[in-house]
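In what follows, a structure is listed as structure tokens, so that the remarks can point back to it.
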Amino acid sequence: MAENSTLARPYARAVFEIASAQHALENWGATLTLLAELAQDASVRAMLANPRVPAALRAELVTELAGKAGAKLDAVARNFVKLLAENRRLPILPEIAADFATLRAEAEGSVDAEVRAAGNLDAAEQSRISAALQKKLGCKVKLHCVTDASLIGGAVISAGDLVIDGSVRDKLGRLAAALIQ
């Protein structure tokens with residue numbers, strides 16, 4: 001949802017600045033990923049959506065769940081959770097984590113790229129795609145491959161704002177649109 005992304009951006013930037021100052025980008029990345037996973041759990045989402053649950057209790061429950069999942073939240077992380085709870089922003093933790101990951105990748109000179117292909121890509125194909133993206137984008141590329149049979153054939157590559165759609169589904173759609181006109 002675009003609104004959630006807009007709401008998440010300032011929180012992600014603030015956490016990124018704190019993590020950079022602490023030289024703890026990796027730790028904060030792991031913490032935010034865990035908190036995002038917790039916020040996506042159905043029972044946790046129901047609790048977060050319940051207006052009768054006070055903010056302090058929401059923050060305490062999320063902090064406890066994070067601890068049970070193996071995360072050791074320091075005072076800054078606990079305060080961050082409390083701030084999100086008070087502002088009713090705990091449900092946007094997945095967007096905050098995603099924005100933080102993007103900021104971290106930019107700072108480290110890398111980009112996450114997703115390749116959706118109709119079939120499995122072998123190591124040589126992945127290497128060629130990664131090399132081509134590195135050349136085009138001028139930074140390290142972390143490639144994530146996903147199989148999507150609905151593409152019929154070909155692939156769709158997404159890296160930040162760049163989307164390259166070389167799927168058969170897209171080509172058939174453009175052909176159909178041209179025939180209709």
Side-chain angles (χ1 to χ4, degrees), residues 1-117 120 126 130 139-150 156-163:
M1 176 184 262
E3 181 181 326
N4 284 349
S5 180
T6 302
L7 294 171
R9 197 170 298 118
Y11 292 101
R13 287 180 204 249
V15 170
F16 178 77
E17 289 175 16
I18 291 168
S20 294
Q22 294 176 341
H23 303 290
L25 289 173
E26 187 174 330
N27 292 340
W28 270 99
T31 298
L32 288 173
T33 299
L34 175 66
L35 290 172
E37 289 172 3
L38 289 173
Q40 290 176 321
D41 180 79
S43 58
V44 174
R45 271 197 332 255
M47 183 269 301
L48 295 177
N50 187 344
R52 292 184 178 162
V53 178
L57 182 58
R58 275 189 242 128
E60 184 180 326
L61 288 172
V62 169
T63 302
E64 271 185 42
L65 289 172
K68 287 180 182 177
K72 294 187 178 172
L73 301 182
D74 63 8
V76 177
R78 286 191 306 274
N79 284 338
F80 179 66
V81 170
K82 286 179 190 175
L83 175 72
L84 292 175
E86 289 168 4
N87 292 312
R88 303 184 88 41
R89 300 291 189 249
L90 285 170
I92 64 168
L93 271 164
E95 288 85 357
I96 293 171
D99 285 351
F100 179 87
T102 300
L103 292 169
R104 178 180 171 196
E106 287 173 7
E108 294 173 346
S110 67
V111 67
D112 285 337
E114 179 183 80
V115 178
R116 289 191 163 293
N120 290 330
Q126 290 180 24
S130 181
C139 61
K140 293 182 285 185
V141 174
K142 296 176 189 171
L143 207 60
H144 306 281
C145 297
V146 178
T147 303
D148 184 353
S150 72
V156 177
I157 302 170
S158 307
D161 292 339
L162 174 70
V163 177

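Computation of the quantities below employed the complete heavy-atom set of this structure, encompassing side-chain atoms and omitting hydrogens, waters and symmetry-equivalent molecules.
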Going by side chain to side chain contact (heavy atoms under 4.5 Å, CB included), name the residues that satisfy it together with [X], two or more places apart in sequence or in a different chain.
X	value
L61	M47, L57
A71	L34, A66, L73
Q40	P94
Q126	L121, L143, C145

Heavy-atom pair of closest approach, residues [X] and [Y]:
X	Y	value
V163	S158	CG2-OG, 4.2 Å
V62	L38	O-CD1, 3.9 Å
A107	F16	CB-CZ, 3.6 Å
A77	D74	N-OD1, 2.8 Å
V53	R58	O-NH2, 2.6 Å
V44	A39	CG1-CA, 4.2 Å

- prompt: Does any non-hydrogen side-chain atom of V146 lie less than 4.5 Å from one of E114?
  reply: yes

query: Can you check whether F100 reaches L25 side chain to side chain, under 4.5 Å on heavy atoms?
result: yes

message: I'd like to check the salt bridge (Lys or Arg N to Asp or Glu O under 4.0 Å) partners of E64; sequence neighbours left out, ordered by chain and number.
response: none

- prompt: What pairs with R104 under salt bridge (Lys or Arg N to Asp or Glu O under 4.0 Å), at least two apart in sequence or on another chain?
  reply: E108

- prompt: What pairs with T102 under side-chain hydrogen bond (donor to acceptor under 3.5 Å, both in side chains), at least two apart in sequence or on another chain?
  reply: none

side-chain hydrogen bond (donor to acceptor under 3.5 Å, both in side chains) contacts touching residues 18-38 (sequence neighbours left out): Q22-W28

Pairs meeting criterion side-chain hydrogen bond (donor to acceptor under 3.5 Å, both in side chains) with involvement of residues 41-54, two or more places apart: D41-S43

Can you give me every donor-acceptor pair (side chain of residues 82-91, partner residue at least two apart or in another chain, under 3.5 Å) with its distance?
from: N87; atom 1: ND2; to: L83; atom 2: O; distance (Å): 3.1
from: R89; atom 1: NH1; to: N87; atom 2: O; distance (Å): 3.3

task: Would you give the length of the straight line joining atom NE2 of H144 to atom CG of D112, rounded to the nearest 0.5 angstrom?
output: 3.5 Å

task: Any chance you could measure R116, atom CZ, to I157, atom CD1, to the nearest 0.5 Å?
output: 12.5 Å

